[in-house]
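Read the structure below first, then the notes.
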2 protein chains.
Amino acid sequence: MNATRATELLRSAELRATTQRVLLLATLIAEAKPLSVDDLGLRTKNSLDTATIYRTLETFKEKGLVRRVDLDQGRALYEHAGEHHHHIVCTKCGTIRDLDICLPKTLQNQVREESRFAHVNQHALEFFGVCKKCV
Amino acid sequence: MNATRATELLRSAELRATTQRVLLLATLIAEAKPLSVDDLGLRTKNSLDTATIYRTLETFKEKGLVRRVDLDQGRALYEHAGEHHHHIVCTKCGTIRDLDICLPKTLQNQVREESRFAHVNQHALEFFGVCKKCV
DNA sequence: ATCCAGATGCAAATGGTTTGCATCTGGATA
DNA sequence: TATCCAGATGCAAACCATTTGCATCTGGAT
Ligand SMILES: [Mn+2]
Ligand SMILES: [Mn+2]
Ligand SMILES: [Zn+2]
Ligand SMILES: [Zn+2]
């Protein structure tokens, strides 16, 4: 179980290690992929109130423990925040895969120039396609 | 006005050129940036029912006249579909700028390999930063 | 001028997310 | 170990973007 690890992480983030938080964070670590609030509800056997899940995820996000993945309109997904990375989504079955690629520095600099923005801080990059099972 | 151009586009898309559709498409062409349903309501002086706007945008999307931009969770944005491009968003004032950059072919091929997906069809790429006015 | 498939307006429903408030609890303290 | 309370939770209601059912209206073909 990741309960111990989750508790440690909560402590270092200066958050109270409540039953609910440990459970949610351990689940996010175990699944290692973007989960919806509903997903989290199911994985925790509906033992947590929906409002608690939302509030907890927001807290986790502020502390950098999770990051929100906005793939489409509608429901938000959250994943345990590890290394910066991107995703590819199967448009047929919804499967999400991590990608260990990122934008080349040259492109990021190009954006800095072309945008004429004072700062460019982040970017979101997702790919969409059809996985082998869904061909 | 872009009313004439809008009517032409609707005709070539085999869509009936109703008052509402011409108005919406002309607005999207004129603004040339991603607009929310509320934006479109305001720009058209609240003369259109919200349900009509939603249904019209969906129709336009199916015909390739507009594309939906999912920047964050919450409200969807729609823009007149021209060349494939990306955006940078100011996280302070919300301003959205077009970017004429795209991913290098090498990266796209890399994704094809690493993902092990059968097909990779699209991608979404958005940058976030602070514009000069908001520094 | 007539006609009708498809488009619109209105109002109610839906679904994800947020919020107010009473109660509960983690963990600091004595 | 018992006490205590700021902060966390559960519950129910509110909120807000989007969708849907249905009666009425209209673009454009005849
Ligand atoms: Mn991931
Ligand atoms: Mn654009
Ligand atoms: Zn698939
Ligand atoms: Zn700005």
Side-chain angles (χ1 to χ4, degrees), chain A residues 3-4 6-28 34-63 65-78 94, chain B residues 3-4 6-28 34-63 65-78 94:
Chain A
T4 327
T7 307
E8 284 170 14
L9 285 171
L10 289 168
R11 290 271 155 68
S12 10
E14 296 183 319
L15 290 178
R16 290 164 64 162
T18 66
T19 319
Q20 294 85 340
R21 285 177 177 171
V22 173
L23 186 50
L24 282 174
L25 189 50
T27 304
L28 286 162
L35 297 176
S36 68
V37 168
D38 271 5
D39 291 338
L40 285 165
L42 289 177
R43 303 273 198 300
T44 54
K45 299 172 185 170
N46 296 306
S47 61
L48 307 186
D49 190 84
T50 310
T52 302
I53 301 182
Y54 279 107
R55 280 189 284 230
T56 303
L57 289 171
E58 184 56 30
T59 305
F60 285 1
K61 187 155 70 71
E62 284 163 6
K63 293 292 185 176
L65 291 172
V66 302
R67 91 181 167 101
R68 196 176 71 193
V69 184
D70 292 331
L71 286 183
D72 57 342
Q73 211 51 227
R75 42 209 259 286
L77 303 179
Y78 294 82
Chain B
T4 327
T7 308
E8 285 171 13
L9 285 171
L10 289 168
R11 290 269 155 70
S12 11
E14 298 184 315
L15 290 177
R16 290 165 64 162
T18 66
T19 319
Q20 294 86 340
R21 285 178 179 171
V22 172
L23 187 50
L24 283 172
L25 190 49
T27 305
L28 285 162
L35 297 176
S36 69
V37 167
D38 271 4
D39 291 337
L40 286 165
L42 289 177
R43 303 273 197 301
T44 55
K45 299 170 185 171
N46 295 307
S47 61
L48 307 185
D49 190 84
T50 311
T52 302
I53 301 181
Y54 279 107
R55 280 188 285 229
T56 303
L57 289 171
E58 183 56 30
T59 305
F60 285 1
K61 187 156 69 71
E62 284 164 4
K63 294 291 184 175
L65 290 172
V66 303
R67 91 181 168 100
R68 195 176 72 194
V69 184
D70 293 330
L71 285 183
D72 58 342
Q73 210 51 225
R75 42 211 258 286
L77 303 179
Y78 295 82

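As the structure is a computational prediction, the values presented were derived from the model and not from experiment. Sequence lines set the chain letters: A, B, ... in the order given, protein chains first and strands last, and positions in each chain run from 1.
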Can you name the side chain to side chain contact (heavy atoms under 4.5 Å, CB included) partners of A:Thr19, sequence neighbours left out? none

Can you list everything that forms a salt bridge (charged side-chain N to carboxylate O under 4.0 Å, His left out) with A:Asp70? Sequence neighbours excluded, please. A:Arg68

Rounded to the nearest Å, what distance is computed from the CD atom of residue A:Glu58 to the P atom of nucleotide D:dT9? 14 Å

Please give, in whole Å, the distance from D:dT18 P to B:Lys61 NZ? 12 Å

By the 4.0 Å heavy-atom rule, please label A:Thr56 as base, sugar-phosphate, or nothing. sugar-phosphate

Send over the distance from A:Leu77 CG to C:dG16 P, rounded to a whole Å. 12 Å

Does anything in residues 38-48 of chain B reach DNA chain D, meaning a heavy atom under 4.0 Å, and if so which residues? none

Take atom CG of B:Leu10 and atom C1' of C:dG6, then tell me their distance rounded to the nearest Å. 14 Å

Which pairs count as side chain to side chain donor-acceptor pair (under 3.5 Å) when at least one residue sits in residues 36-58 of chain B, sequence neighbours excluded? B:Glu31-B:Arg43, B:Ser36-B:Asp39

Which dot-bracket string describes DNA chain D (Watson-Crick N1-N3 plus N6-O4 or O6-N4, or G-U N1-O2 and O6-N3, all under 3.5 Å; [ ] crossing; | other strand)? ||||||||||||||||||||||||||||||

Interatomic distance, B:Arg21 CZ vs C:dG9 P [rounded to whole Å]: 12 Å

Salt bridge (charged side-chain N to carboxylate O under 4.0 Å, His left out) partners for B:Arg11, two or more places apart: none

How close do B:Ala3 and B:Val22 get, counting heavy atoms only, and between which atoms? O-CG1, 3.7 Å

D:dC16 C1' sits how many Å from B:Gln73 CD, rounded? 13 Å

Shortest non-hydrogen contact from A:Leu10 to A:Ala17? CD1-CA, 4.0 Å

For the CG atom of A:Leu57 and the CZ atom of A:Arg21, what is their distance to the nearest 0.5 Å? 11.0 Å

Hey, mind stepping through B:Leu25 and B:Phe60 against side chain to side chain contact (heavy atoms under 4.5 Å, CB included) and telling me if it holds? CA-CA 9 Å; B:Leu25 190 49; B:Phe60 285 1; 3.9 Å; yes

Spacing between A:Arg68 atom CZ and C:dT18 atom P, to the nearest angstrom: 8 Å

Partners of A:Arg67 by salt bridge (charged side-chain N to carboxylate O under 4.0 Å, His left out), sequence neighbours excluded? A:Glu79

Nearest whole angstrom, please: distance from the P of C:dG6 to the NZ of B:Lys63. 12 Å

Going by the rule salt bridge (charged side-chain N to carboxylate O under 4.0 Å, His left out), which residues pair with A:Glu8 if we only count those two or more places apart in sequence or in a different chain? A:Arg5

When you check every protein heavy atom under 4.0 Å of nucleotides 19-30 of chain C, what one-letter string (B, S, -) results, 5' to 3'? BB----BBS---

Let me know, please, whether B:Gly74 or A:Thr52 comes out on the 5' side of the other along DNA chain D by nearest nucleotide. A:Thr52

Looking only at heavy atoms, what is the nearest atom pair of B:Leu48 and B:Gln20, with distance? CD2-CG, 3.4 Å

